[in-house]
Amino acid sequence: MTDASKVGLALAYNCAQVLYPQGLSGVSVTGRQVVLRRGWLLPSDLFAAQNIRNNTDFVTVTMAPRKMPEWAEPLGRPWRVQQKVEPTVGVVVTGATVEIVFSGTATPVGVVAVWLDDMPRGGEPSAAYAVTAQDTPETVAAALAAALTGGVANGAVVSVPGRVLNGYAGGYGQSVRVTRRQAQLYRVSIWTADATARETLASVLDTALAEQSWITTLDGREAQLRFQSVEDVDTMQNEALYRRDYFYELVFDTLQVQWASEMLCGIGTLSAGEGLSAPFGVLAPGAANQTVTAALDAMQAVVAAQAAASAYPGLGVDRFGTVVALGG
């Protein structure tokens with residue numbers, strides 16, 4: 001999920017990639033040192049050793065307070081499946097037992113469910129377990145057996161003596177819906193003590209951003225980039241400080257994201273008319289006997305981190321909002 005602050009950060013990262021095509025450890029396109037920041041200048045930017053008056057230029061990205069047009073989100077805010085994660089675990093059902101198997105050397109991922117196929121005969125009818133990277137087939141089998149009434153684990157095999165056991169392994173799916181579509185105005189400001197450096201920086205940034213209709217946001221999605229206006233702010237010329245502001249409208253979605261496991265087991269009723277009906281299936285396992293919620297939260301955090309890393313590799317910000325090289 002993204003918001004106005006994270007979209008502004010994505011724009012700052014985008015500017016960093018434009019001005020430092022070889023990375024922040026390389027040379028900028030102007031040959032001068034350029035500091036990029038998500039936020040305004042700091043007092044130290046004017047008076048410290050590394051400052052505007054010592055041949056250091058600054059580019060800042062800030063939100064601009066201006067009324068923007070309204071954008072309507074999709075009618076009804078429907079959920080859509082965005083991506084799926086296939087399981088790397090499985091089950092082998094043999095007779096009345098279920099064996100847990102892992103797929104080669106792949107990291108274990110998925111949810112395993114087992115249930116009694118000879119219901120109704122009392123007892124806890126089903127169980128599910130969210131597999132983690134630290135699990136083995138034996139630990140999964142033990143967790144499932146402990147959740148079943150009379151369950152027994154023998155290595156990676158789960159059974160309930162005197163009962164018929166069945167099983168299934170499923171993956172995860174990410175469902176997304178747009179809760180709000182909005183436009184936000186951002187100001188990209190160039191600050192320098194050299195008027196010619198301002199022209200060079202402005203030309204490079206303006207040309208690069210003019211070629212882009214969309215920029216990648218930190219969650220791996222897209223925001224529409226629309227140029228609005230440009231102006232010089234030379235009210236600080238007496239202090240040998242030159243500034244140029246570019247205004248861009250970014251249109252992006254606020255999303256609600258949910259991870260969920262595939263349907264593993266359930267119950268229902270078949271109706272044959274004239275009042276005749278037959279139940280089928282088993283009760284879905286409760287949340288108290290496994291860690292599906294924790295596994296889903298962890299997966300969502302990992303996916304978000306991977307999306308940001310893949311869109312703007314090697315970039316981060318310090319506590320002042322300055323764009324820095326990660327690990328540098």
Could you tell me whether a side-chain N or O of Arg37 sits under 3.5 Å from a main-chain N or O of Gly321, the two making a donor and an acceptor?
no
Decide yes or no for Tyr246 and Leu205: does some side-chain heavy atom of the first lie under 4.5 Å from some side-chain heavy atom of the second?
no
To the nearest 0.5 Å, tell me how far Gln228 CD sits from Arg187 CZ.
13.0 Å
In terms of hydrophobic clustering (I, L, V, M, F, W, Y; side-chain heavy atoms under 4.5 Å; direct or indirect links), are Val92 and Val140 co-clustered?
no
So, do Asp57 and Ile190 sit near enough that their side-chain heavy atoms are less than 4.5 Å apart?
no
Looking at every heavy atom in both Leu24 and Val323, which two are closest together, and how far apart are they?
CD1-O, 3.8 Å
For the CZ atom of Arg163 and the CH2 atom of Trp115, what is their distance to the nearest 0.5 Å?
15.0 Å
Side chains of Leu201 and Arg244, heavy atoms from C-beta outward: is any pair under 4.5 Å?
no
If you apply the rule side chain to side chain contact (heavy atoms under 4.5 Å, CB included), what do you find for Glu99 with Thr94, and how did you get there?
CA-CA 8 Å; Glu99 180 183 4; Thr94 305; 5.7 Å; no
Can you name the residues that form a ring pair (Phe, Tyr, Trp, His ring centres under 6.0 Å) with Tyr13, not counting sequence neighbours?
Tyr312
One should read off an interatomic distance between Leu36 CG and Thr322 OG1, to the nearest 0.5 angstrom, of 9.0 Å
Can you tell if the side chain of Glu222 reaches within under 4.5 Å of the side chain of Ser213, non-hydrogen atoms only?
no
Asp194 and Thr192 side chains, donor-acceptor separation under 3.5 Å
no
Note, Met63 side chain near Tyr186 side chain (heavy atom, < 4.5 Å):
yes
Looking at Val109, is its backbone amide N or carbonyl O close enough to the side chain of Thr88 to form a donor-acceptor pair, meaning the two atoms are under 3.5 Å apart?
yes
With Asp253 as reference, evaluate Arg180, Arg181, Arg177 under the side-chain hydrogen bond (donor to acceptor under 3.5 Å, both in side chains) test and give the passing residue.
Arg181
For residues Pro108 and Phe102, report the shortest heavy-atom separation together with the two atoms involved.
CG-CE2, 3.6 Å
Any idea which heavy atoms bring Val61 and Leu11 closest together, and the distance?
CG1-CD2, 3.9 Å
Are Trp214 and Val7 connected into the same hydrophobic cluster when the rule is that any two of I, L, V, M, F, W, Y join if their side-chain heavy atoms are below 4.5 Å apart?
no
Under the side chain to side chain donor-acceptor pair (under 3.5 Å) criterion, do Thr217 and Asp219 qualify, and how do the steps go?
CA-CA 6 Å; Thr217 55; Asp219 59 359; 2.5 Å; yes
Please report the shortest heavy-atom distance between Val93 and Gly167, naming the atom on each side.
CG2-N, 3.9 Å
Criterion side chain to side chain contact (heavy atoms under 4.5 Å, CB included) on Trp40 and Trp191, from CA distance to verdict
CA-CA 10 Å; Trp40 284 102; Trp191 308 74; 3.4 Å; yes
To the nearest 0.5 Å, what is the distance between CG on Asn166 and OG on Ser126?
12.0 Å
Taking the side chain as C-beta and beyond, is there a heavy-atom pair between Gln33 and Asn55 under 4.5 Å?
no
Does Thr207 reach the main-chain N or O of Ser203 with its side chain, forming a donor-acceptor pair under 3.5 Å?
yes
Considering residues, nucleotides and ligands other than Asp232, do more than 12 of their heavy atoms fall under 6.0 Å from its CG?
yes
Between the side chains of Thr62 and Thr60, is a donor N or O closer than 3.5 angstrom to an acceptor N or O?
no
Between Val204 and Tyr248, is there a shared hydrophobic cluster once you connect ILVMFWY residues whose side-chain heavy atoms come closer than 4.5 Å?
yes
Between Val29 and Pro21, is there a side-chain heavy-atom distance shorter than 4.5 Å?
yes
Taking Leu148 as the starting point, is it possible to reach Val152 by hopping between hydrophobic residues whose side chains are less than 4.5 Å apart?
no
If you take all heavy atoms of Gly110 and Pro87, which pair is closest and at what distance?
CA-CB, 4.3 Å
Test item: Gln184 side-chain N/O and Leu250 main-chain N/O as donor-acceptor pair under 3.5 Å:
no
Does the side chain of Thr97 come within less than 4.5 Å of Val158's, by heavy atoms?
no
Which pair of heavy atoms, one from Arg32 and one from Ala197, lies closest together, and at what distance?
NE-CB, 3.6 Å
Enter the distance from Ser28:OG to Gln22:CD here, rounded to the nearest 0.5 Å.
11.5 Å
Donor-acceptor under 3.5 Å (Tyr129 side chain, Thr139 main chain)
no
For the pair Arg198 (side chain) and Arg243 (backbone), establish whether a donor and an acceptor sit closer than 3.5 Å, ignoring hydrogens and angles.
yes
Hey, mind stepping through Asn14 and Leu209 against side chain to side chain contact (heavy atoms under 4.5 Å, CB included) and telling me if it holds?
CA-CA 9 Å; Asn14 193 287; Leu209 294 179; 3.6 Å; yes
Using the rule that Ile, Leu, Val, Met, Phe, Trp and Tyr join whenever any side-chain heavy atoms are under 4.5 Å apart, tell me whether Val34 and Val27 fall into a single cluster.
no
Output all residues satisfying ring pair (Phe, Tyr, Trp, His ring centres under 6.0 Å) with Tyr168, sequence neighbours left out; order by chain, then residue number.
none
Leu144/Ile100 under side chain to side chain contact (heavy atoms under 4.5 Å, CB included): CA gap, chis, key distance, verdict:
CA-CA 10 Å; Leu144 292 170; Ile100 312 301; 4.0 Å; yes
